Amino acid sequence: MLVEQKQPNMGRRGLVVGNYCHDVLIRNDVVLGETLGGAASFVSNVLDGVSIRCDLVSKVGSDFAYSVAHPPIAVPTSPTTLFHAFFDSGSDGEGACDRVLKRVRFCGAIEPSDLPESRFNFGMAVGVAGEILPETLERMLDICEVVFVDIQALIRVFDSSDGTVRLVGLKESGFFHLLPRVGFLKASAEEAPYVDVEEARKWCCVLITNGKEGCTLYWKDGEMQISPFPTVQIDPTGAGDSFLGGFVAGLVQGLAVPDAALLGNLFGSMTVGQIGLPKFELRLLQRVKDEVQRRKMQSMSCCEDSNDDLKFVKPAGHQQFHSSLAAAKLASTAPLQECQWDLRNSPPRAVEQGIPQYTGQQKLLLNPVYEEPIQSVEGTQ
Ligand SMILES: Nc1ncnc2c1ncn2[C@@H]1O[C@H](COP(=O)(O)OP(=O)(O)O)[C@@H](O)[C@H]1O
Ligand SMILES: O=P([O-])([O-])O[C@@H]1[C@@H](O)[C@H](O)[C@@H](O)[C@H](O)[C@@H]1O
C-alpha cells in the first residue's frame, strides 16, 4: 500500500537519535585535528541555532571529551564511538579528496528502551556507527508523527579487522520493511546507489544531496533540483547532517518542502566552510529566522487555496527566497581564519593509536582544491 505523500504539518517537538562520536581527521597519514562528531551533534547544532527544541538520545563512554547542550547517556563500560576520517589527496578527477572512514571504537547500540516514553511531532534517525537497530527505528516510528532517516544510519557495515566503513544495499540492511512508515529518507550521491531511489520514492520522499551541486528531491510522481549556495569548502564533514537539520528546521517552521530543502542547502554549505562542528554567528541565525518567517507569511498569503499535497512545482518566490538566504549568508562576518585550530592542543587520542600528530601552524585544508584562495585570505589578516 502506498502511503499518502502529503506536505507534513509538523509540530515543534522533536526527537534526535544517534551517538555522538570523536572524529579524528587525518590527511596523508598525519593527524590534522580531533573534533566532536556524529550526525546527532551536527543536527542538534542546527536545530538549537534556530531555536527548535529537541530531545536527543545518544550514548558515549566515560572518555567522552566534550561538553554538549544535550547530555548523552554515559555508558561506563564502553568507549565513546571513534572515527578516523582519512582525506588522502586525491582522486575524484577534480583534485578533491575522497574520504575513507574507519570506525575505530564503538560505544554500542541505542535500544528501544533507551528512548523516552513520550510522543514527538518528529523524529530523526541519525546514527553513524550502526547504533540504530531495526527495533529502535520501529519504536521511533511508533512514537513520532513523522520520521526523517539518514540512510547512513541503516546501511553502514564495518570491516571486522580495521573498521573501514562499507555500504550495503537498503534491501539487505534489515530496515527495508520499515520504509513505508518513513517520512523522508536522506542519502548522499555516494550512498544513492545503495538505496534504489526508484523503489524508495514510491514509499517516502527521498532527498539526495550532491555536494556543491545542491540536492534533488524525489517523490512518487515528481522530482526537483534545489540550488546550492556557493561556498569555499574547507572540511566536508557533517555537511549532510547539517543539511538534514536545516531541512527539518524549515519544515517545522512551516516552509514548503522545496523551500525547506533550500534551508538544508544553506546549512550544508555553511558547514563545509568550517572545520568540524560549525559555529553560526548569532546575527546570521537571526537573519535566517527572519527570512524564514517572511517566507512563511508570503506563502500563506499567496497559496490560500492549496491543499496539503506536496507540489512538484517550486512555490512562487522560491528563487527570491534563495537570494535572500544567500544575501544573509554573505552578510555574515564570520572570518574564514576562525576555522584554524590550535592543533598542538588537540587531545592525544590519535597518538594512542600510533598516528603522528600535526604540529605545524599552517591552515588546515582537507580539500586541496581550495588551498590557494584560503591562503590568500590569511595573507590579508
Ligand atoms: N562544496 C559545497 N558547496 C556548497 N554547498 C555544499 C558543498 N558541499 C556540500 N554542500 C551542501 O551540503 C549538502 C550535503 O553535502 P553532501 O556532500 O552531499 O553530503 P554528505 O556530507 O552526506 O556527503 C549538499 O546538498 C549541499 O547543499
Ligand atoms: O559528513 P557526514 O557524512 O554528513 O557525517 C559524518 C559521518 O559520516 C561520520 O561518520 C561522523 O564521524 C561525522 O562526525 C559526521 O557525522
Side-chain angles (χ1 to χ4, degrees), residues 16 18-26 33-46 58 66 80-87 92 94 96-107 124 126-132 150-156 158 163-167 185-192 207-217 225-247 250 260-278 322 325-326 329 366-367 369-370 373:
V16 176
N19 286 347
Y20 293 127
C21 63
H22 291 155
D23 281 347
V24 178
L25 309 179
I26 299 163
E34 308 195 4
T35 69
L36 170 64
S41 63
F42 286 91
V43 163
S44 57
N45 185 41
V46 173
S58 175
Y66 298 92
T80 298
T81 298
L82 170 65
F83 275 98
H84 285 179
F86 294 87
F87 294 88
D92 74 348
E94 294 185 335
C97 297
D98 281 343
R99 178 181 69 171
V100 174
L101 283 175
K102 293 189 181 181
R103 187 188 76 172
V104 178
R105 292 179 189 154
F106 180 47
C107 183
M124 299 180 72
V126 290
V128 286
E131 67 270 34
I132 296 187
D150 188 331
I151 194 78
Q152 74 186 5
L154 315 187
I155 62 167
R156 284 185 170 178
F158 307 92
T164 300
V165 174
R166 278 193 311 105
L167 304 177
L185 183 68
K186 181 239 138 207
S188 67
E190 192 190 350
E191 293 158 340
L207 303 122
I208 303 296
T209 63
N210 194 12
K212 63 180 169 24
E213 309 299 334
C215 69
T216 308
L217 306 176
Q225 176 73 33
I226 306 292
S227 305
F229 294 83
T231 300
V232 174
Q233 177 173 305
I234 296 171
D235 172 10
T237 310
D241 309 331
S242 294
F243 166 90
L244 193 57
F247 176 67
L262 268 186
L263 208 61
N265 282 350
L266 177 73
F267 278 99
S269 76
M270 293 197 293
T271 298
V272 302
Q274 302 186 34
I275 300 229
L277 200 67
H322 180 277
L325 292 176
K329 183 181 165 194
L366 299 176
N367 186 340
V369 171
Y370 296 110

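Just follow the structure's listing: the first ligand is 1, and inside any ligand the first atom is 1. Every value quoted in this text rests on a predicted model; they were computed, and no experiment measured them. Throughout, residue positions are numbered sequentially from 1 according to the sequence presented.
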Measure across S269 and L266 and return the closest heavy-atom pair with its distance rounded to 0.1 Å.
OG-O, 2.8 Å
Looking at ligand 2, does any of its N/O atoms fall within less than 3.5 Å of an N/O of V128?
no
Ligand 2 versus A239: contacting region, heavy-atom distance under 4.0 Å
backbone
T237 N/O to ligand 2 N/O under 3.5 Å
no
Does R103 have a non-hydrogen atom less than 4.0 Å from ligand 2?
no
Test your reading of the structure: does S188 have an N or O sitting under 3.5 Å from an N or O of ligand 1?
no
Could you tell me whether P230 and ligand 1 have an N or O pair separated by under 3.5 Å?
no
Can you pull out the closest protein heavy atom to atom 12 (O) of ligand 2? Residue, atom name and distance to 0.1 Å, please.
D23 OD1, 2.6 Å
Could you check whether any heavy atom of P228 sits closer than 4.0 Å to an atom of ligand 1, since that is the contact criterion I want to use?
no
Ring-plane angle category for F86 and H84, please: parallel below 30°, perpendicular beyond 60°, tilted otherwise.
perpendicular
Where ligand 2 meets F42 - atom numbers and elements under 4.0 angstrom, heavy-atom basis:
14 (O)
Mark up the atoms of ligand 1 that fall under 4.0 Å of a heavy atom belonging to N210, in ascending order.
18 (O), 25 (O)
Applying a strict 4.0 Å limit to heavy atoms, is R99 in contact with ligand 1?
no
If I apply the N/O under 3.5 Å rule, does G214 come out as touching ligand 1?
yes
Proximal atoms of ligand 1 relative to F229 (non-hydrogen, under 4.0 Å):
4 (C), 5 (N)
Could an N or O of ligand 1 be found under 3.5 Å from any N or O of G211, whether backbone or side chain?
yes
Under 4.0 angstrom from ligand 2, any heavy atom of R156?
yes
